[in-house]
Structures are given as structure tokens and as C-alpha cells.
Amino acid sequence: TRTTRPQRLLKAVQDRAIRGNPKSVISVIDHYCRNQEWAMNVGDEKGFILDSVVSELNPQTVLELGTYCGYSAVRIGRLLHSGARLLTLEFNPDYAAVAREVISWAGLENTVQLVEGASGDWIPRLREHFGIHTFDFIFLDHWKEGYLADIKLLEECRLLRKGTVLLADNVVCPGAPDYLEYVRKSPLYDSRYFKSHLEYTKAEDGLEKSVYLG
Ligand SMILES: Cc1cc(C(=O)N2CCN(C)CC2)sc1-c1cc(O)c2nc[nH]c(=O)c2c1
Ligand SMILES: [Mg+2]
């Protein structure tokens, strides 16, 4: 049967990117998705904003909600200093299978750990299962319908601490209005919108950066 879009993206990485070179994996995916087949990676323009937030924060413990093909896991993972770890949750087993290969091709299998399953099921178990106390940085990029429920669950599970930075993709396109209203109104957060464009297109989208005040 026909290959899937993630499988075709993985083949481009395996055919064109240099093993162990995260930068080449990122540029191969961006070139492929801009010129051959669009895919919902955070992309190069929003990716540059993501890079600057991560580089400034230099986080030790990172949580990503929504791995897809592993593009942002590689983007974030490549910037983490030794000892730092990224835990990325992916619900879709087909996406997870491709992401594991992309993360491995980039040589980041010791920095990035992919966990398959629903964020709502896993968030309450992260502390006892992975020995995590709190997260320094959280990237929300799974499903707009789940952003608000998951940030509230992270609060309940006390996985945020004073200064934890949350960065949410797609707050304009496809859009997460309930999430935006919450983080912008709540006294628990200091929130700011980084205007950009939907990956590989001219449509508006942006990232919302919210610092937890605890
Ligand atoms: C699937 C999809 C379609 C979009 C769109 O407007 N399109 C018009 C323009 N054409 C070109 C592409 C398609 S935007 C989008 C999308 C983008 C992300 O970054 C996402 N991140 C996480 N989880 C998602 O479900 C997610 C969906
Ligand atoms: Mg996205």
C-alpha cells in the first residue's frame, strides 16, 4: 500500500541528511516540506524563535507534547547541554515510529526520550515513572483541543516551578483560543505572543511564551 507522509519524510532524511548531524536533519526536512510535501513540523521560521527561547533558557529538563516526526525534538535536543534531557510524548504510533528513526538519525537518542501514549494519561505518571521533579521548559505542539487541559494538569501535578517556560505552537493557526485566554488572564502566568507564520506558508501563526510565576 501507499507510504504515509511521515514515512516519505523519513526517507528524505535517510537519503539526504548526514547521520549524527542534527543541523542537516533539520535542513533536509525543511527543504522537503517547503518544496515537495508540506508537513506539520514547527518549521524554520517558528523554529528560529523556538531556538532563541531554548538557548536563552538553557533548560535541563524539557517536556514536549506532540512529537509528530521528531523535527522539534531534534531542534530542541541539539541545543541541550550535556546531562539535559527532553521527554517527548506522542499519541500516534505511526508518528512515533518515524520520530524514533529521525531522532536516531540525528544522533540524539541519548538526549531525547520518546514516550508513546496520551499526554493526559502520562502527565500524572511522569514523576514516579521518570523521576522528574519539575520541568524547566515545555513545548506544546500536540493538539489545540488539549493545550488548556494539559497545562491545568501540569499545574495540578506540580510539574511547574517558578520560572518554568511554556511555549505553545499554533495559537493562531489552527488556533487555541481557550488556552490563550487562560494564560493571558491568569495571574499565574506572564504571557507574550511571538507573531510568525504557519510553517512553510504565508498564513499567520505564532508562538505563545508563558512564564509560570508559581
Ligand atoms: C494539519 C494542519 C493544517 C493546517 C493548514 O492550515 N493548512 C493550510 C495550508 N496548507 C499548505 C497546509 C495545511 S495547519 C495544521 C497544523 C499545523 C501544526 O503546526 C500542528 N501542530 C501540532 N498539531 C497539529 O494538529 C497541527 C496542525
Ligand atoms: Mg505545530
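One-based numbering, in listed order, for ligands and for the atoms of each. For clarity, every value in this text was computed on a predicted model and none was experimentally measured.
Checking atom 21 (N) of ligand 1 against the protein gives a heavy-atom contact under 4.0 Å.
Between Lys195 and Asp205 no salt bridge is recorded (no basic side-chain N to carboxylate O distance below 4.0 Å). Ion pairing between Glu199 and Lys46 holds under the 4.0 Å rule for side-chain N and carboxylate O. The pair Arg34-Asp44 meets the salt-bridge criterion, since a charged nitrogen lies less than 4.0 angstrom from a carboxylate oxygen.
Among Lys144, Lys46, Lys202, Met40, the residue whose heavy atom lies closest to atom 27 (C) of ligand 1 is Met40. Looking at Trp38, Trp143, Tyr68, it is Trp38 that brings a heavy atom closest to atom 3 (C) of ligand 1.
For Asn170, every heavy-atom contact with ligand 1 shorter than 4.0 Å involves the side chain, none the backbone. At a heavy-atom distance under 4.0 Å, only side-chain atoms of Asp169, from C-beta outward, approach ligand 1. Heavy atoms of Val42 found under 4.0 angstrom from ligand 1: none, in either backbone or side chain. Proximity of Cys173 to ligand 1, defined as any heavy-atom pair under 4.0 Å, is confined to the side chain (atoms from C-beta onward).
Geometrically, Arg127 does not engage Phe130 in a cation-pi contact defined by less than 6.0 Å to the ring centre and at most 45° from the axis. A cation-pi arrangement is not found for Lys152 relative to Tyr147, the charged atom failing to lie both closer than 6.0 Å to the ring centre and inside a 45° cone about the ring normal.
Heavy-atom proximity to Leu198, at under 4.0 Å, picks out these atoms of ligand 1: 5 (C), 6 (O), 14 (S). Near His142, meaning under 4.0 Å from any of its heavy atoms, are these atoms of ligand 1: 22 (C), 23 (N), 24 (C), 25 (O). In summary, the atoms of ligand 1 found under 4.0 Å from a heavy atom of Glu199, numbered by their order in the structure, are 17 (C), 18 (C), 19 (O). Using a 4.0 Å cut-off to heavy atoms of Asp141, the atoms of ligand 1 that qualify are 21 (N), 22 (C), 23 (N).
Listed by chain and number, the protein N, O or S atoms at a distance under 2.8 Å from the Mg ion (ligand 2) are Asp141 OD1, Asp169 OD2, Asn170 OD1.
Between the side chains of Tyr68 and Asp141, no donor-acceptor pair of N or O atoms lies under 3.5 Å. Side-chain polar atoms of Ser191 and Glu208 form a donor-acceptor pair below 3.5 angstrom. Neither side chain, Asn35 nor Tyr200, offers a donor N or O lying under 3.5 Å from an acceptor on the other.
Between the side chain of Thr67 and the backbone N or O of Gly70, no donor-acceptor pair lies under 3.5 Å.
No more than 12 heavy atoms of other residues, nucleotides or ligands shown are found within 6.0 angstrom of CZ on Phe91.
Listed by chain and number, the residues in a side-chain hydrogen bond (donor to acceptor under 3.5 Å, both in side chains) with Gln14 amount to none (sequence neighbours excluded).
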